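Shown next, in structure tokens, is the structure this report addresses.
None of the values given here were measured: they were computed from a predicted structure. Naming: A, B, ... by sequence-line order, numbering from 1 per chain.
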Amino acid sequence: MELTPAQQLAMHKSMVRIRLFEEAAGKLMETGQMPGFLHLYVGQEAVAVGVCEALRVDDYITSTHRGHGHLVAKGGDLAKMMAELMGKATGYCGGKGGSMHINDLSLGMLGANGIVGAGVPIAVGAGFRNKYLGSDQVAVAFFGDASTNIGAFHEAANMACALHLPVVFVCEHNMYGEYTPTEKAMAIADVVDRAAGYGMPGVIVDGMDVLAVHEATLEAVARARRGEGPALVEAKTYRFYNHHGIQTLGVKYRPDAEVIAWKERDPIFTFEDRLVEGGVASRDQIEEQWAQVRADIAAAIEFAENSPYPEPSALLAGVYTAGGAK
Amino acid sequence: MSDRTLTYGQAFSEAIRLEMEADPNVFIAGEDVGAHGGVFHTFDGVQSEFGERRAVDTPISEQAIIGLGVGAAVTGLRPIVDLMFMDFSLVAADQIVNQAAKLKYMFGGEAKLPMVITTHGGAGLSAAAQHSQSLEALFCHIPGLQVVFPSNAYDVKGLMASAILEDNPVLFVLHKRMLGLKGPVPEGRYTVPLGQAMVTREGSDVTVVSWGRTHNEALAAAETLAGEGVQVEVIDLRTLSPLDTATVVASVKKTNRVVVAHEAVRFGGFGAEVAAQIQEEAFDYLDAPVGRVGAPFSPVPFTPALENLYVPDAARIAESVRAALARPLLG
Amino acid sequence: MGSVGIIVNPWAGKDVRRLHAPVGHTPDTAKIGIVRRVILGALDVGAERVHVARDVGRIAERAAKAIDRAVLVDGPGTGSALDTRRAAAQMAELGCAAVAVLGGDGTSRDVTMGWRDAPIIPISTGTNNVFPGFVDGSSAGTAAGLVASGAVALADAGRRAKLLTADIALPGGDRIQDIALVDMALIAEQGTGARAVVRSDLIRLVVAALAVPASTGLSAIAGRTSPVAADEEGGVVVRLGGEGRRVRVPIVPGSFDVLPIASIDRLADGGSITVEGPGVLAYDGERDRVLPAGSTATITVARTGPFVIDVARTLRAAADHHLFDVAPGDSTAATRTEAHHGH
Ligand SMILES: Cc1ncc(C[n+]2csc(CCOP(=O)(O)OP(=O)(O)O)c2C)c(N)n1
Ligand SMILES: [Mg+2]
């Protein structure tokens with residue numbers, strides 16, 4: 001539970017990696033160099049990092065349409081991510097998946113997802129596998145607040161509890177689903193009120209505080225590893241940009257004042273203040289981390305830009321596992 | 001025809017607004033269709049004109065959205081329920097296929113289900129495998145559903161009006177890549193009947209049957225082929241189910257050659273049904289096998305480099321037409 | 001006639017403790033019910049108006065629905081303690097004669113920070129609280145209403161609580177003052193993390209104004225060794241460590257740790273003790289303030305806290321004075337006080 005200064009700096013760096021990766025991707029999209037939809041994770045970095053820091057490499061996660069942050073936090077390769085977002089052959093999915101299907105099976109990251117709620121039952125399956133094999137690995141399902149209104153979430157939550165599986169449900173409550181305030185889409189304010197209905201503990205944490213998220217998840221994961229069943233962690237957070245793309249202010253569905261107030265609680269900057277106040281790191285060390293990540297991002301973009309698009313022959317490859325029965 | 005033009009998307013919302021004005025029991029419900037006017041803005045202005053009671057923003061709950069339509073329709077309202085992307089219809093598949101489509105029949109024909117399920121299909125936006133599909137064949141396979149897939153603004157408005165006035169469930173598909181396409185659209189209410197195909201270009205050498213965005217590619221192909229001295233007759237099915245076989249067969253009897261083109265995966269696509277109908281009704285008139293153009297047998301790829309190869313276009317249709325014209329091979 | 005205020009901490013009973021201990025979850029429905037009963041109870045005995053502070057959980061909004069004389073008070077809506085503090089200050093400005101506070105120890109502390117002299121009825125909606133108790137909403141509302149309407153004088157309704165004050169001197173020369181209502185503790189951790197104190201081996205010292213044996217948490221360390229009740233003056237300082245006396249204490253509900261006690265000292269009313277960083281200061285059971293190396297905190301106990309309205313005592317006073325009786329021929333009393341559905 002006691003995080004070493006090195007661990008805390010690693011968490012900081014991971015958050016900065018997400019921030020700068022997303023901002024770079026957003027700019028590339030704006031200038032027409034990146035195709036498709038881009039749901040940016042900026043503002044929510046403390047959740048992915050706080051959670052993934054509580055996991056082992058061999059634990060599984062499932063993600064959402066807003067999935068880049070989860071992959072970065074699980075240890076994803078920025079160059080392969082950037083190449084995928086640009087549709088290049090060297091990307092994580094060979095250019096076939098893009099932002100919404102980015103994944104890294106070797107890191108236990110079972111994919112972003114284009115279908116709201118669909119990753120949640122898949123995490124239950126991974127949790128089932130862990131229990132079935134007698135492993136102490138856990139599975140974490142990330143999902144948004146508005147995703148808890150879809151049947152898949154409810155079926156998955158109930159099944160994980162009924163079968164007593166090592167699954168941790170992580171809800172990123174950013175108060176909106178696309179352009180609809182979640183308070184208009186559900187009559188309760190907190191997703192944890194749903195957890196009780198399935199028979200699992202549910203806890204609210206400050207999703208702008210990486211240490212708080214980490215500590216709560218650590219305990220939820222420890223319970224799951226010990227065979228004590230699922231739990232739900234609800235992180236109250238905020239997306240700084242629009243549902244997709246990089247517009248921040250001036251959208252009609254959420255007040256600018258609200259956006260500004262949340263930005264004042266920036267999860268990276270507030271963490272930096274604490275690192276400095278607590279004597280864990282100096283401002284110079286923090287600046288150095290930003291500089292390193294900036295260089296990593298520049299290298300990732302260069303790698304992606306210099307990578308080829310997939311060959312036409314790639315189109316039909318990968319529909320089935322090679323060697324399987326036809 | 002009117003010289004006023006609207007986009008494909010505007011024609012859609014105009015039809016909805018006019019029918020909502022005419023009938024207080026018509027309402028819309030779906031994700032972000034109200035305050036936001038739909039993520040593709042195809043419901044723009046509906047909530048500002050009719051208020052939150054008749055333009056309902058729902059939770060992200062596709063199954064319940066369609067269920068809401070079924071329940072409201074069978075009890076006397078005329079719902080228009082939206083599934084943002086056609087891919088999400090699969091999340092609601094039970095309510096569409098097992099409930100909406102079958103209720104009337106299972107109830108001995110007594111129930112009336114005046115509901116329209118609207119959705120946005122098709123590829124071309126680098127939206128990848130779960131946001132780009134053309135799944136119309138799945139729903140055409142289901143007795144009890146009617147499936148509409150228009151190719152231009154005029155038809156969008158007229159067909160949508162018919163769909164709303166229809167007493168049975170209609171799945172109404174808009175192609176996302178055509179939303180900004182402009183065309184002449186008269187003001188005021190009018191209908192285009194469901195179940196009627198339209199010959200959109202007359203020709204004598206070969207028929208191309210198509211719908212949706214691919215129909216417009218077929219027109220482009222016809223133009224190219226005209227330059228090669230080939231007169232292509234183009235048919236826009238507009239409604240896929242019920243299928244207007246008569247119009248297709250009449251054309252094939254005239255041209256003796258036919259290509260069916262669609263954006264969906266070719267294997268098991270709705271083109272296969274059209275081809276089968278043609279050979280059943282007009283086998284003796286055919287000088288060549290029925291040509292089929294469709295997407296390759298893979299999910300829709302993300303990268304434009306592959307998506308551009310994947311989506312059937314005018315060139316591929318023209319190629320298939322030339323192959324049909326090259327028959328018989330011996331002789 | 002005066003008005004009543006209500007402040008709700010929407011996230012009480014939903015924090016990380018549920019992962020560490022077998023404690024339940026307090027859903028919004030329970031809180032909405034309490035708030036609504038407080039409103040109706042207060043109006044029934046003559047409160048003129050009930051001001052309910054809006055909260056990010058929309059509990060106030062849902063509870064006050066369709067009650068004409070329940071007025072929502074807007075706040076910053078940050079979802080943090082700031083909302084509670086701001087609401088308390090607003091209740092002071094609105095001249096509320098009694099404020100029902102739903103939450104835990106920390107919620108009452110936040111109200112005190114916003115309004116030092118707040119006349120409060122603390123109602124527990126959380127886990128292992130010492131300051132607020134489990135109070136029925138209708139009775140709490142009645143007590144608040146009796147005070148607000150002037151039927152029971154404030155002096156007869158309760159008394160002022162004790163307050164712990166920490167005067168912190170940071171190495172750079174900056175000074176900060178913090179307060180607590182139950183206890184202040186020095187924890188050998190670096191950060192505030194998820195705030196709850198769950199590791200007993202890291203507790204170095206506890207200063208308790210309320211040392212309650214029948215409680216769970218930091219106060220219980222002092223409570224099980226040297227109890228100090230709410231109506232006793234002063235507090236107690238317990239230092240942990242050493243090889244001497246050992247006691248069993250439930251730091252987390254349901255788990256009973258053995259803690260080494262190094263020393264126990266009574267702290268007289270107005271007395272103080274100074275502790276040194278590094279460490280984290282926990283206030284009322286939650287890690288709150290990082291105390292860097294080289295800083296000191298001087299902790300004082302005195303009866304300078306908020307005024308606590310004792311529900312049982314207030315209702316007893318009202319009963320003794322026949323305040324619940326209906327005058328013969330009073331036709332307005334023939335009906336029940338219920339929500340007015342004003343739509
Ligand atoms: C089944 C399904 N319905 C609708 C959508 C369209 N959609 C994509 S993201 C989204 C909002 C999700 O909100 P939330 O779960 O709160 O996540 P957030 O975007 O806020 O991170 C919606 C409606 C979808 N992708 N899948
Ligand atoms: Mg959300």
Side-chain angles (χ1 to χ4, degrees), chain A residues 34-38 65 83-89 91 93-102 112-118 144-154 177-182 184-187 243-244 251-253 308-320, chain B residues 30-41 47-48 52 56-67 83-85 87-95 123-133 176 265 267 295-311:
Chain A
M34 192 169 276
F37 298 132
L38 204 58
H65 56 287
E84 185 56 37
L85 265 54
M86 287 194 192
K88 299 297 181 79
C93 322
K96 291 182 188 172
S99 165
M100 278 192 289
H101 306 293
I102 204 150
N113 212 306
I115 302 297
V116 158
D145 45 343
S147 306
T148 68
N149 296 323
I150 207 158
F153 164 77
H154 295 272
E178 291 200 340
Y179 312 98
T180 298
T182 295
K184 287 196 158 188
M186 47 197 244
H243 170 62
H244 77 98
V251 293
K252 73 174 179 186
Y253 66 96
Y309 285 105
E311 293 294 326
S313 61
L315 182 59
L316 288 172
V319 178
Y320 296 101
Chain B
E31 293 159 23
D32 280 317
V33 298
H36 198 71
V39 294
F40 298 108
H41 295 288
Q47 193 181 74
S48 51
E52 291 184 25
V56 183
D57 279 319
T58 65
I60 308 175
S61 308
E62 281 77 10
Q63 189 170 184
I65 290 168
I66 303 301
L83 299 170
M84 194 182 287
F85 282 78
D87 315 69
F88 310 161
S89 63
L90 302 177
V91 177
D94 173 65
Q95 285 292 334
L125 294 177
S126 292
Q130 294 171 345
H131 283 75
S132 304
Q133 294 172 92
K176 325 193 243 299
V265 172
F267 184 89
F297 198 54
S298 85
V300 185
F302 161 72
T303 181
L306 297 179
E307 192 182 27
N308 291 338
L309 297 175
Y310 180 89
V311 178

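Within the 4.5 Å cutoff, side-chain heavy atoms of B:Q47 are placed close to those of B:D57.
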Just list the side-chain donor-acceptor pairs under 3.5 Å for residues 31-38 of chain B, sequence neighbours left out, or say none.
| unit_1 | atom_1 | unit_2 | atom_2 | d |
| --- | --- | --- | --- | --- |
| B:E31 | OE2 | B:S61 | N | 3.4 |
| B:D32 | OD1 | A:T180 | N | 3.3 |
| B:D32 | OD1 | A:T180 | OG1 | 2.6 |
| B:D32 | OD2 | A:Y179 | N | 3.3 |

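Residues satisfying the ring pair (Phe, Tyr, Trp, His ring centres under 6.0 Å) test with A:H101, not counting sequence neighbours, are none.
Looking only at heavy-atom pairs under 4.5 Å with chain B, the residue among A:L315, A:L316, A:T148 that has the most is A:L315. The residue among A:M186, A:K184, A:K252 with the most heavy atom pairs within less than 4.5 Å of chain B is A:K252. Ranked by heavy-atom pairs shorter than 4.5 Å toward chain B, the options A:A185, A:C93, A:S147 are led by A:A185. Heavy-atom pairs under 4.5 Å with chain B peak, among A:G151, A:A89, A:G97, at A:G97.
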Let's go through B:D87 and B:Q133 carefully: what are the C-alpha distance in whole Å and the side-chain angles of both, what is the deciding distance for side-chain hydrogen bond (donor to acceptor under 3.5 Å, both in side chains) to 0.1 Å, and is it a yes or a no?
CA-CA 6 Å; B:D87 315 69; B:Q133 294 172 92; 2.8 Å; yes
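In this structure, the portion of A:E311 lying under 4.5 Å from any heavy atom of chain B is its backbone and not its side chain. With a threshold of 4.5 angstrom between heavy atoms, B:F85 approaches chain A through side-chain atoms but not through N, CA, C or O.
For A:H243 and A:H65, the distance between ring centers is under 6.0 angstrom.
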